[in-house]
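Structure first, commentary second.
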Amino acid sequence: MQAGRKSCWRQLQASFFRLLCLIPTGFPVRSVDMQRATDNITIRQGDTAIIRCYVDDKVSKVAWLNRSNIIFAGQDKWSLDPRVDLVTKGQLEYSLRIQKVDVYDEGSYTCSIQTKQQPKTSQVYLIVQVPANIYKVSEDITVNEGSNVTLSCLASGRPDPTITWRLLNPSAEPLDGEEYLDIIGIMRNQAGRYECKASNDVATPDVKYVNVVVNYPPTIKKTQSSETQVGRMGTLQCDATAVPTPEFEWYRDEKRLSNTQGINIQILGTTTVLMIANVTEEDYGNYTCVASNRLGVQNASLFLYRPGTGRDINGAACVSQSLWLMLASFACLFFKC
């Protein structure tokens, strides 16, 4: 196979040099600097490439070829590509210039010389690099906790880009994944902004982002009971985390409370406050905070008590799953009571 390739190349050379004999001798007679024209040239897509060829007074005819196509024969341009021209400084240089290089320009370029003694050639291989470009990335998604998630990030470039992933909050450490990032049983702490970066050292890496929202049922994180004297205002507070944001309800025994004279319920995001103005003896006792969303319900007991009874005002008292409260809460969600 190698012998066949050599034979084919010799035939191509012979055919071209027969063609050179037809070229006018209007170009200065010089020879090629073979040493300076043997290196490969690597260039970025869109830049200008100059493929060098130098001559001296022993040359009678010169030409540039790309594969088997003639680009220039002497000063005559055979190529129709307007991006291609010659660089001839002081008649010592016969270099080829290609502007706005693209991937289809990659390949072998030959500077061919006809001398009185024998023909010579000098070959240069043009390598075109393309910056990394992310052409497809997953859209922002919302999933339930425990689901399996696959994020995709597809990129092109020459050489092939390396793709890396990071979850930007809280630590931004690299994740195991390339074009596809698999998250098995996603948890709430894995929600956030995911960064996909494609790089191949040709230019600045290309970066895209995917926002992942993880839904999960309410968890009551903090409760605040109240030690209040008769005649003063008692305040009970309940904090919960959930996605979507939880809805809150307050109960005294089995009775759902609402904003009435003497009672004010405030909801601020994931916090709810029950305020009882002008506390009486009948107001002391157990209150229940219920947090719910479409994924679940959780409730906690809080206490309004008279000073000196020794209740835990920091809310360490029970967080329960009373069946009647869960049923009542779901009923209110569905029937908007």
Do [X] and [Y] have side chains that approach each other closer than 4.5 Å (heavy atoms only, starting at C-beta)?
| X | Y | value |
| --- | --- | --- |
| Thr271 | Gln237 | yes |
| Trp165 | Cys153 | yes |
| Phe72 | Val62 | no |
| Tyr194 | Leu181 | yes |
| Thr280 | Glu282 | yes |
| Arg294 | Pro244 | yes |
| Asp239 | Ile220 | no |
| Cys53 | Trp64 | yes |

Do [X] and [Y] share a hydrophobic cluster (ILVMFWY, side-chain heavy atoms under 4.5 Å, transitive)?
| X | Y | result |
| --- | --- | --- |
| Ile50 | Val124 | no |
| Val130 | Ile163 | no |
| Val212 | Val243 | no |
| Leu168 | Met187 | no |
| Tyr284 | Trp250 | yes |

Whether [X] side chain and [Y] backbone form a donor-acceptor pair below 3.5 Å:
| X | Y | answer |
| --- | --- | --- |
| Glu173 | Arg166 | no |
| Asn66 | Gly107 | no |
| Thr272 | Gln266 | yes |
| Ser138 | Ser152 | yes |
| Glu106 | Val128 | yes |
| Asn259 | Ile265 | yes |
| Asp140 | Asn211 | yes |
| Asn200 | Val202 | yes |
| Asn148 | Gly185 | yes |
| Asp206 | Ile134 | yes |

Tell me whether [X] is salt-bridged to [Y], with the criterion being a basic N under 4.0 Å from an acidic carboxylate O.
| X | Y | value |
| --- | --- | --- |
| Arg83 | Asp81 | yes |
| Arg97 | Asp85 | yes |
| Glu281 | Arg306 | yes |

State, to 0.1 Å, how close [X] and [Y] come at their nearest heavy-atom pair, and which atoms those are.
| X | Y | answer |
| --- | --- | --- |
| Asp283 | Arg252 | O-NH1, 3.4 Å |
| Ile98 | Leu126 | CD1-CD2, 4.3 Å |
| Asn286 | Ser301 | OD1-CB, 3.4 Å |
| Pro218 | Gly296 | CD-O, 3.3 Å |
| Thr121 | Ser112 | CG2-OG, 3.7 Å |
| Cys289 | Leu302 | CB-CD1, 3.8 Å |

Please indicate whether [X] has more than 12 foreign heavy atoms, meaning atoms of other residues, nucleotides or ligands, lying under 6.0 Å from its [atom1].
| X | atom1 | value |
| --- | --- | --- |
| Lys208 | NZ | yes |
| Asp201 | CG | no |
| Arg188 | CZ | yes |

Report yes or no: do [X] and [Y] form a side-chain donor-acceptor pair below 3.5 Å?
| X | Y | result |
| --- | --- | --- |
| Thr260 | Ser258 | no |
| Gln45 | Asp102 | yes |
| Thr48 | Gln99 | no |

How long is the span from the [atom1] atom in [X] to the [atom2] atom in [Y], to the nearest 0.5 Å?
| X | Y | atom1 | atom2 | answer |
| --- | --- | --- | --- | --- |
| Asp47 | Gln129 | CG | CD | 10.5 Å |
| Tyr109 | Asn40 | OH | CG | 13.0 Å |
| Leu304 | Leu236 | CG | CG | 6.0 Å |
| Asn278 | Met233 | CG | CE | 9.5 Å |
| Ile186 | Ser147 | CD1 | OG | 8.0 Å |
| Glu178 | Asp176 | CD | CG | 9.5 Å |

Could you go step by step and tell me if Asn144 and Val214 meet the side chain to side chain contact (heavy atoms under 4.5 Å, CB included) rule?
CA-CA 5 Å; Asn144 292 340; Val214 178; over 6 Å; no
Connected to Ile267, directly or through other members, by ILVMFWY side-chain contacts below 4.5 Å are Phe248
Residues sharing Leu154's hydrophobic cluster, by side-chain heavy-atom contacts under 4.5 Å among ILVMFWY, directly or via others?
Tyr135, Tyr180
Would you check, one step at a time, whether the test side chain to side chain contact (heavy atoms under 4.5 Å, CB included) holds for Thr219 with Thr241?
CA-CA 5 Å; Thr219 300; Thr241 60; 3.9 Å; yes
Just do the side chain to side chain contact (heavy atoms under 4.5 Å, CB included) check on Tyr94 and Val87 with the steps written out, would you?
CA-CA 6 Å; Tyr94 188 70; Val87 176; over 6 Å; no
For a side-chain contact (heavy atoms from CB on, under 4.5 Å) with Leu151, tell me which candidate from Val137, Leu175, Asp182, Ile141 qualifies.
Ile141
What's the verdict on side-chain hydrogen bond (donor to acceptor under 3.5 Å, both in side chains) for Thr88 and Glu93, showing C-alpha distance, side-chain angles and the deciding distance?
CA-CA 5 Å; Thr88 55; Glu93 183 175 357; over 6 Å; no
Apply the test side chain to side chain contact (heavy atoms under 4.5 Å, CB included) to residues Leu274 and Ile263: give CA-CA distance (whole Å), side-chain angles for both, the deciding distance (0.1 Å), then the verdict.
CA-CA 7 Å; Leu274 173 65; Ile263 294 179; 3.5 Å; yes
